[in-house]
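Right, one structure below, let's go through it.
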Protein chains: 2
Amino acid sequence: MGDHTKTLLFKKITGLTDISASSVRKLFKITSPRQLFKGEIILKQGQGCKTIVFVEKGYLRTFMEREGIDINTDFTFENNFTTNLKSLRSNLPSETNIQAGESSTIYEFEKDELLNLYKASPEIESFGRKLLEQLLIAQEEHSTLFKIYSPAERYDYLLNNKPEFLQRVSLSQLASYLGVTRETLTRIRRKK
Amino acid sequence: MGDHTKTLLFKKITGLTDISASSVRKLFKITSPRQLFKGEIILKQGQGCKTIVFVEKGYLRTFMEREGIDINTDFTFENNFTTNLKSLRSNLPSETNIQAGESSTIYEFEKDELLNLYKASPEIESFGRKLLEQLLIAQEEHSTLFKIYSPAERYDYLLNNKPEFLQRVSLSQLASYLGVTRETLTRIRRKK
DNA sequence: TTCACTTTGTGACATTTGTCTCAGGTGCGC
DNA sequence: GCGCACCTGAGACAAATGTCACAAAGTGAA
């Protein structure tokens with residue numbers, strides 16, 4: 001057992017909400033670090049999503065398969081949470097896959113255990129609410145990107161606001177995330 | 001003061017979470033129905049968003065202005081909540097406008113009053129968390145629509161899953177919501 | 001190193017979508 | 001009724017993007 005106060009996860013939780021040391025301990029009691037090798041899949045299309053995941057190191061790729069082609073819908077880098085909320089909440093099969101894009105370290109929170117903590121501790125439920133707020137804001141932002149910008153503008157946006165995307169994610173994978181083909185993304189870059 | 005148990009809002013709250021009658025009363029104490037005429041604006045780009053809104057009757061249109069053109073990012077029909085979470089949470093100026101698309105009845109919840117209730121009542125904070133879950137799932141779904149479908153497929157999706165859109169929203173307004181121009185949407189419809 | 005494999009760049013061409021323009025229709029107020 | 005604003009449909013052309021085929025560059029393992 002390492003000192004959990006050294007982790008990014010600890011800093012994330014305490015930065016997000018006012019929370020007692022004992023509540024933080026309760027959260028750490030239901031999770032532990034898990035190593036993933038590059039390419040390892042932690043959620044498969046068709047399966048139920050049972051956990052919320054925090055990325056301590058590395059990054060996760062969320063994608064759907066459609067007519068044999070991967071479409072990347074999200075990338076979660078270190079210091080962020082991700083899940084498939086629709087599947088998590090309703091126990092429906094997930095429409096997305098989640099896979100490690102690099103060798104990674106994650107913390108997983110089981111839905112049921114988290115719900116028990118919510119019931120027992122208002123402080124922890126408050127944390128849960130703020131976590132959802134963050135996820136929703138990020139989603140809003142990404143959604144807007146598609147609504148108001150052209151593919152080239154979306155690329156510029158990433159370049160300026162999330163340069164880690166371009167450094168760590170391959171062009172092919174970035175393309176579907178930006179909603180264009182690989183060739184179009186090449187054309188966009190050529191014009192610079 | 002009408003009987004609040006007759007409202008859609010009451011049914012929405014009690015359907016979403018287990019909540020005592022007294023907590024529901026507390027929620028209704030901080031809001032009251034407000035009538036909007038068609039075209040009335042309740043949130044302007046550049047202003048801070050201070051409230052979460054429930055639509056009891058009619059619908060709201062959320063849009064951004066870019067180079068003189070409206071881009072619709074959301075439509076909220078009766079029995080749903082909406083807000084601009086980014087602005088609400090951080091007090092930043094909103095990037096979106098919200099306007100009544102029909103003569104409407106809404107309930108507004110002030111952020112500060114809601115936060116006070118959250119602090120005082122875990123049951124109400126739990127409601128707040130579940131509300132966010134719903135908003136996030138809806139957002140996830142809409143986002144996916146853009147990622148995996150072509151404009152024509154997006155139109156079909158609405159046709160099958162949200163027919164009220166096509167009946168109540170004009171083609172011009174629908175177009176930007178689907179991420180295409182008015183002319184392209186006409187072409188899509190012509191092909192049927 | 002070589003070899004197999006994956007990723008990226010490029011060009012030709014087809015398709016889709018956008019832009020601009022106009023015409024007809026509809027609803028609303030005067 | 002009339003005019004007026006708004007919405008929809010349509011065509012011609014330009015621009016952007018997709019599709020396909022293949023070459024070039026990078027990667028990792030034997």
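We name chains A, B, ... by the order of the sequence lines, and we start the count at 1 in each one.
With A:Y177 as the fixed residue, the ring-ring contact (aromatic ring centres under 6.0 Å, His included) test singles out one of A:Y157, A:F165, A:Y155: A:F165.
For the pair A:K191 NZ and C:dT10 P, the interatomic distance rounds to 13 Å; values are reported in whole Å. Computed from coordinates, the A:I188 CD1 to C:dT10 C1' distance equals 16 Å when rounded to whole Å. The interatomic distance linking B:L174 (CG) with D:dC7 (C1') rounds to 13 Å, in whole Å. Straight-line distance from the CZ atom of A:R66 to the P atom of D:dG18: 14 Å, rounded to whole Å. Whole-Å rounding puts the A:E153 CD to D:dT17 P distance at 10 Å. Put simply, CZ on B:R154 is 13 Å from C1' on C:dT16, counting in whole angstrom units. Atom CD in B:E67 sits roughly 14 Å away from atom C1' in C:dG18 (whole-Å rounding). In this entry the distance linking CG of A:D70 with C1' of C:dT6 reads 14 Å, nearest Å.
Residue B:T181 has a polar side-chain atom (N or O) positioned under 4.0 Å from OP1 or OP2 of C:dG18. Taking side-chain N and O atoms only, B:S172 has no distance below 4.0 Å to OP1 or OP2 of D:dC6. Close to D:dA16, at under 4.0 Å from its OP1 or OP2, lies no side-chain N or O of A:S150. Taking only side-chain nitrogens and oxygens, B:R187 never comes nearer than 4.0 Å to OP1 or OP2 of D:dG9. One finds no side-chain N or O of A:T184 lying less than 4.0 angstrom from the OP1 or OP2 phosphate oxygen of D:dT17.
Listed nucleotides: D:dT17, C:dG11, D:dG9. Nearest to the side chain of B:R182: D:dG9. For B:R190, whose side chain is taken as the heavy atoms from C-beta onward, the closest listed nucleotide among C:dT7, D:dA10, C:dG11 is D:dA10. You'll find that the side chain of B:R189 is closest to D:dG9, out of D:dG9, D:dG18, C:dT8. In this structure, the nucleotide among D:dG9, C:dG18, D:dG18 sitting nearest to the side chain of B:L171 is D:dG9. Here the side chain of A:E183 is nearest to one of C:dT10, C:dG18, C:dT8, namely C:dT10.
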request  = Show the numbers, then the answer: is there a side-chain contact (heavy atoms from CB on, under 4.5 Å) between B:K11 and B:K6?
outcome  = CA-CA 8 Å; B:K11 291 188 189 75; B:K6 296 260 168 64; 5.6 Å; no
Verdict with reasoning, B:Q134 to A:R89, per side-chain contact (heavy atoms from CB on, under 4.5 Å) = CA-CA 9 Å; B:Q134 273 222 335; A:R89 224 199 126 160; 3.7 Å; yes
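The side-chain tip of A:R34 does not point at the ring of A:Y107 from less than 6.0 angstrom away and within 45° of straight on.
Atom CD of A:E78 sits in a crowded spot, with more than 12 heavy atoms from other residues, nucleotides or ligands closer than 6.0 Å.
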